[in-house]
> 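The following block contains the structure, expressed as structure tokens.
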Amino acid sequence: MYENLTLFQTASAFARHAEKRQALAAQNIANADTPGFKPRDLKDFAQSFREMQRQSGENGFSGHRTAFEAVQDERTAAAPNGNAVSVETEMMRAVDIRLQHDTALAIYRSALGILRTSLGRQ
Amino acid sequence: MTDLKSSMDVSMGGLLAQAGRLSNVAQNIANADTPGYKRKLTSFTQTMEANDAPSVVALAPTRRDSSQGQLIYDPEHPLAGSDGTYEGSNVSLLVEIADAREAQRTYEANLRSFDNARQMSRSLLELLRR
């Protein structure tokens, strides 16, 4: 039932986006010394969200069929062995992901509170 | 949630790989004075798993640096040849310590990443509490 409300859908898509980013960031960090490895990140949430909305009609956004696209992060220069992971960048990314996930959960929780209140429960 | 789980697995692989690297560094340093010792080289490979499963890092088979060790002049040494020198190890302490520092830094980064995933899944589960 909650899944059908746009706010819940958006919040959970936002949280899933953060989780997928975390999975990629973990790979980036784990491969910080693997020759030839290029760091990856997901496309911006706002951008993917607009694309998904366009695909599924103006208000028919479905949180379930969300496929986020991974792109290579080209910002850092590669080391002589072809590895382009910067641990500092990854740490900043991790903080960003954490913030995004917390935001998504806060929105979800707040919407849940509003829903409860409207049902007359505490 | 599955992404967070796989994130933890990947971080775990990273931790193990860096620990293996540190162990190689420790062996090199311990054998810095062993005549004829060739230092161990650590390299990493990605293990690509089926479908789009995450790529976990693993240690590649250990290779040895085959460069010539430093020749030490000591005619009294049991291993000394006719010219009075013997081959020492080819370990350079400076290189090993730099390598150890790098391994430590990456190990910590992996640990942070693991902790991040753990806290994220924890706060996700907090939603159920009430």
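Heavy atoms only: backbone and side chains are in, while hydrogens, waters and symmetry mates are out. Note that the structure is a prediction, hence the values are computed from the model and not measured. Lettering follows sequence order; numbering is per chain, from 1.
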> At under 4.5 Å between heavy atoms, what parts of residues 83-93 of chain A are in contact with chain B? List them by residue number.
A:V87, A:E88, A:M91
> For the atom pair OH (A:Y108) and CG (B:L124), what is the distance rounded to the nearest 0.5 Å?
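It comes to 9.5 Å.
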> Return the CZ to CG distance between B:R105 and A:D33, rounded to the nearest 0.5 Å.
8.5 Å
> If two hydrophobic side chains count as joined below 4.5 Å and joins carry through other members, does A:L119 share a cluster with A:I114?
no
> Considering residues at least two apart in sequence or located in another chain, which fulfil the side chain to side chain donor-acceptor pair (under 3.5 Å) criterion with B:T34?
B:N31
> Between B:A117 and chain A, with a heavy-atom cut-off of 4.5 Å, which part of the residue counts as in contact: side chain, backbone, both or neither?
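Both parts, backbone and side chain.
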> Would you please test B:S113 and A:Q22 for side-chain contact (heavy atoms from CB on, under 4.5 Å) and show each step?
CA-CA 8 Å; B:S113 165; A:Q22 168 63 28; 3.6 Å; yes
> Identify which part of B:E108 has an atom lying under 4.5 Å from any heavy atom of chain A, answering side chain, backbone, both or neither.
neither
> Taking side chain as everything from C-beta outward and backbone as N, CA, C, O, which of these in A:A104 sits under 4.5 Å from a heavy atom of chain B? Side chain, backbone, both or neither.
neither
> If I compare all heavy atoms of A:A32 with all of B:T106, which pair ends up nearest, and what's the gap?
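Scanning both residues, the minimum pair turns out to be CB-CG2, 3.6 Å.
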> Are B:Y37 and B:L93 connected in a single hydrophobic cluster, I mean Ile/Leu/Val/Met/Phe/Trp/Tyr linked by side-chain heavy atoms less than 4.5 Å apart?
no
> Can we say B:D3 and A:R21 salt-bridge, meaning some charged N sits less than 4.0 Å from an Asp/Glu carboxylate O?
no
> As an exercise, state the distance from CG of A:L105 to CE of B:M120, rounded to the nearest 0.5 Å.
8.0 Å
> Tell me, yes or no, whether the heavy-atom count around A:R98 atom CZ, taken from other residues, nucleotides or ligands under 6.0 Å, exceeds 12.
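Yes, enclosed.
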> Of all heavy-atom pairs between A:A23 and B:S7, which one has the smallest distance, and what is that distance?
CA-CB, 3.8 Å
> Can you name the nearest heavy-atom pair linking B:S123 to A:D102, along with the distance?
OG-OD1, 4.3 Å
> Would one find more than 12 heavy atoms of other residues, nucleotides or ligands at under 6.0 Å from atom CG of B:L94?
no
> For B:R64, I'd like to know if atom CZ has over 12 heavy atoms of other residues, nucleotides or ligands within 6.0 Å.
yes
> If you group Ile, Leu, Val, Met, Phe, Trp and Tyr by side-chain heavy-atom gaps below 4.5 Å, do A:I107 and B:L127 land in one group?
no
> Using side-chain contact (heavy atoms from CB on, under 4.5 Å), reason through A:H101 and B:Q119 one step at a time and then give a plain yes or no.
CA-CA 10 Å; A:H101 195 250; B:Q119 286 183 16; over 6 Å; no
> Tell me, yes or no, whether the heavy-atom count around A:E51 atom CD, taken from other residues, nucleotides or ligands under 6.0 Å, exceeds 12.
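Result for CD/A:E51: enclosed.
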> How many angstroms lie between CZ in A:R16 and CG in B:L4, if you round to the nearest 0.5 Å?
12.0 Å
> Would you mind checking which part of A:N81 comes under 4.5 Å of any heavy atom in chain B, side chain (CB onward), backbone (N, CA, C, O), both or neither?
neither
> Report yes or no: do A:F14 and A:L42 belong to one cluster of Ile/Leu/Val/Met/Phe/Trp/Tyr joined by side chain heavy-atom distances under 4.5 Å?
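Yes, it is one cluster - the side chains of A:F14 and A:L42 are joined through contacts under 4.5 Å.
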> Does the side chain of B:V57 reach to within under 4.5 Å of the side chain of A:Q27, using non-hydrogen atoms?
no
